[in-house]
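What follows is a single structure, written as structure tokens, with notes after it.
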Amino acid sequence: MARPNEEVEALLQEYADLLAISGGDAFKQRAYERAARAIGGYPQDVSKLDAKALKGIPGVGKSIADKIAEYLSTGHVAAIDETRSTVPPGVRELMTIPTLGPKRAMTLYRELDVASVDDLVTAVHEDRLGRLKGFGPKAADNILHGVELMRAAGGRILLGEALRIAEETVSGLVAATGVERCEYAGSVRRMKETIGDIDVLVAARDEDAEAIMRAFTELPGTAEIIVHGRKKTSVRTAKGLQIDLRVLPPVSWGAGLQYFTGSQPHNIRTRSIAVRKGLKLSEYGIFDTETGEQLHAGTEEEVYGRLDLPWIPPTLREDRGEVDAALRGELPDLVTQDDIRGDLHTHTDLTDGLATLEQMAEAAAARGYAYYAVTDHAPELRMQRMTSEKMLAQRDRVRALADRYGRRLRLLHGTELNIDPEGEVDWPADFLAGFDVCVASVHSHFGLDRAAQTRRLIRAAENPHVNIIGHPTTRKLGKRAGIDVDLDAFFAACARTGTAVEVNGHPERLDLRDEHILLARRHGVRFAIDSDAHAVSELDNLRFGVATAQRGWLTADEVINTWPLTRLRKFLRGPGRR
DNA sequence: GCCGTTTTCGGCCCGACTGTTTTCAGTCG
């Protein structure tokens with residue numbers, strides 16, 4: 001069900017992991033990792049490329065191109081299948097636990113016969129780790145904590161992947177005979193950061209239901225049918241994700257979409273409003289309680305209208321005050337993708353990006369942006385090997401390229417600085433003054449205590465050259481909790497100093513998250529919604545940032561990259577700056 | 001396994017931190 005590029009990326013990454021576990025050549029492993037990343041971020045569909053074009057992808061040589069071609073034509077790669085047979089899939093799974101890498105995963109398997117996360121938890125509880133070389137007194141705690149973090153995600157998948165599957169399911173169904181309307185609902189429509197299962201709704205006449213259900217179960221990617229009926233069918237994909245399809249009569253569409261979009265607390269609020277008006281709201285429609293008569297409400301707008309409410313955007317439907325705000329006529333005018341005039345945090349292949357400056361700029365222009373900032377990493381992130389010279393050379397290239405685009409697209413030269421434990425950033429003030437925009441982010445020292453984290457973030461915000469604090473909590477969904485920070489103090493500092501906080505749209509980050517945005521806007525903070533793109537295709541991650549911003553009730557005026565360039569420039573410069 | 005204005009072999013992403021050790025392997029960004 002995944003797009004070919006993602007399938008191939010996953011395959012190559014798996015092979016790289018297997019090579020690491022089985023202790024092969026580390027450089028070979030890295031070559032596969034690099035190729036995996038390059039394929040994942042490659043703008044063209046790899047299944048449409050011939051061998052020569054495949055070899056043209058950076059990091060893909062003859063051997064890997066051949067394996068990709070083999071996979072695309074047969075669905076298998078002999079060499080990878082062979083390696084798989086020597087390492088149980090559960091051993092690779094162990095590597096997803098923080099603090100466990102390939103070496104210790106292999107040790108666990110070899111010495112203790114641990115071949116799954118469950119096996120490992122059992123082994124820890126049975127105190128069998130103590131005797132193992134490389135595993136000391138802290139190891140057990142760290143492993144259990146890591147497993148807990150993973151399980152906190154509860155087998156949920158990230159919004160980005162869920163949305164893709166939901167959209168594919170819908171597009172696979174709209175063509176089926178008798179489908180009058182089809183949309184995904186549930187937490188995907190509300191754009192929650194992680195998704196447990198996917199709800200899809202179809203409006204169709206009863207006599208078409210059976211054929212639609214069959215078409216659903218026959219969609220590619222279905223591994224198992226859980227329940228199969230005329231009104232509801234549930235399947236599980238190969239990756240274990242459940243997808244529910246419900247078929248409703250067209251007259252129930254508005255009520256059904258409203259009901260299945262949720263959230264449950266939001267529905268309780270709307271239904272109780274209905275009750276007070278002598279109405280009954282269910283997934284089948286809105287009814288007069290006394291007569292049982294069904295009132296016409298074919299769309300969500302009409303359903304909310306019957307309750308004397310304006311339509312409430314799905315991203316707000318979490319019972320966080322949206323119903324009361326709607327009753328008062330005070331729903332926020334939410335920021336949308338169309339409001340965004342530019343991206344202020346992106347990378348190129350000068351550091352860890354995959355595409356060139358020219359490719360990224362061209363993609364930004366194609367998206368219709370009015371401005372676009374290139375913000376490659378700064379020297380303190382050692383692995384990127386940035387230098388002042390490289391940065392200045394890039395600036396010359398940006399300026400030259402800017403001349404080519406003229407007024408159509410304003411290119412900004414920026415950087416993503418590193419906030420050190422003291423809150424200092426790379427480069428002295430006079431060098432920083434040369435940038436159009438500076439994002440500053442935490443990339444290390446995640447373990448400092450709350451006071452120290454708060455101090456460093458505030459100090460970074462107070463730096464007159466820092467315009468935006470990037471991914472402020474630095475969490476990674478399902479992998480790492482955010483750093484421990486007094487957010488109120490930090491947001492107050494951002495408001496005071498005119499430093500924007502980022503809503504990072506990378507599906508693994510979504511940082512700030514919705515609840516933190518709600519907190520921040522109470523301080524009068526300004527926001528930047530950025531993609532943090534490391535590839536052309538990742539520019540689209542901005543949509544997840546917009547969704548998260550909506551969930552945080554943000555309006556366009558609070559988001560600096562919806563502003564015209566002149567207003568943005570003024571914000572970046574002062575008052576009190578430079 | 002990839003790559004090349006150091007060019008067809010010999011490099012390749014470097015440094016910090018953690019928890020383990022007793023001088024350093026493994027993990028991470």
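All values reported here derive from a predicted model rather than from experimental measurement. Quick note on labels: first sequence line is chain A, next is B, and so on, each numbered from 1.
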In chain order, what residues pass the side-chain contact (heavy atoms from CB on, under 4.5 Å) check against A/His443, with sequence neighbours excluded?
A/His377, A/Leu381, A/Glu416, A/Asn418, A/Ser441, A/His471
Taking the nucleotide of DNA chain B with the nearest heavy atom to each, does A/Ala65 or A/Arg30 sit closer to the 5' end?
A/Ala65
Work out how far the C1' atom of B/dT8 is from that of B/dG1, and round it to whole angstrom.
14 Å
Main chain of A/Asn561, side chain of A/Tyr371: is a donor-acceptor contact present, judged purely on distance under 3.5 Å?
yes
Side chains of A/His506 and A/Asp530: any donor to acceptor distance under 3.5 Å?
no
Please state how far atom CD1 in A/Ile68 lies from atom P in B/dC2, giving the value in whole angstrom units.
9 Å
May I have the distance from A/Ile419 (atom CD1) to B/dA16 (atom P), rounded to whole angstrom?
19 Å
Answer yes when A/Asp403 and A/Arg399 have at least one side-chain N-carboxylate O distance shorter than 4.0 Å, and no when they do not.
no
Just the rounded figure in Å: distance from P of B/dC2 to CG of A/Asp25.
12 Å
Identify whether a stacking contact exists between A/Phe27 and B/dC2, where the ring centres must be under 5.5 Å apart and the planes under 30° apart.
no
Who pairs with A/Phe27 by ring pair (Phe, Tyr, Trp, His ring centres under 6.0 Å), at least two apart in sequence or on another chain?
none
Considering only the C1' atoms, how many Å lie between B/dG10 and B/dG15, rounded to the nearest integer?
23 Å
Rounded C1' spacing from B/dC13 to B/dC3 in Å
15 Å
Residues, nucleotides or ligands: over 12 heavy atoms within 6.0 Å of A/Glu126 CD
yes
Could you tell me whether A/Asp540 and A/Arg367 have a side-chain N and a carboxylate O separated by less than 4.0 Å?
yes
Any A/His445 side-chain nitrogen or oxygen under 4.0 Å from OP1 or OP2 of B/dC17:
yes
Summarise protein proximity over nucleotides 19-29 of chain B in one line of letters, 5' to 3': B for base, S for sugar-phosphate only, - for none, counting protein heavy atoms closer than 4.0 Å.
SSS----SSSB
Please give the distance between the P atoms of B/dT23 and B/dT18 as a whole number of Å.
22 Å
A/Tyr32 atom OH is separated from B/dC3 atom P, nearest whole Å, by 12 Å
Enumerate the residues from residues 52-61 of chain A whose closest heavy atom to DNA chain B is under 4.0 Å, giving them by residue number; use none for an empty result.
A/Pro58, A/Gly59, A/Val60, A/Gly61
Checking N1-N3 plus N6-O4 or O6-N4 for Watson-Crick, or N1-O2 and O6-N3 for wobble, each under 3.5 Å, the partner of B/dG10 is B/dC3
Is there a donor in the side chain of A/Lys67 and an acceptor in the side chain of A/Ser63, or the other way round, less than 3.5 Å apart?
yes
Please confirm whether the backbone N or O of A/Val525 pairs with a side-chain atom of A/His523, one donor and one acceptor, at under 3.5 Å?
no
Using the P atom as the reference point in each nucleotide, state the distance between B/dT6 and B/dC12 in Å, no decimals.
15 Å
Can you measure A/Gln29 atom CD to B/dG11 atom P for me and round it to whole angstrom units?
20 Å
Tell me the interatomic distance from A/Leu448, atom CG, to B/dC17, atom C1', rounded to whole angstroms.
12 Å
Can you confirm whether the side chains of A/Glu14 and A/Tyr32 place a donor and an acceptor under 3.5 Å from each other?
no
Length of the line joining A/Met386:CE and B/dG15:P, which is rounded to integer Å:
16 Å
Check whether more than 12 heavy atoms from other residues, nucleotides or ligands sit under 6.0 Å from atom CZ of A/Arg404, and answer yes or no.
no
Report the relative orientation of the aromatic rings in A/Phe431 and A/Phe435; use parallel for angles under 30°, tilted for 30 to 60°, perpendicular for over 60°.
perpendicular
Taking DNA chain B as the partner, which of residues 70-87 of chain A come within under 4.0 angstrom of it by heavy atom?
none
Could I get the full list of side-chain contact (heavy atoms from CB on, under 4.5 Å) partners for A/Asp50, not counting sequence neighbours?
A/Lys52, A/Ala53
Rounded to the nearest angstrom, tell me the gap between atom CG in A/Asp349 and atom P in B/dC2.
19 Å
Atom P, compared across B/dG26 and B/dT20: separation rounded to whole Å:
14 Å
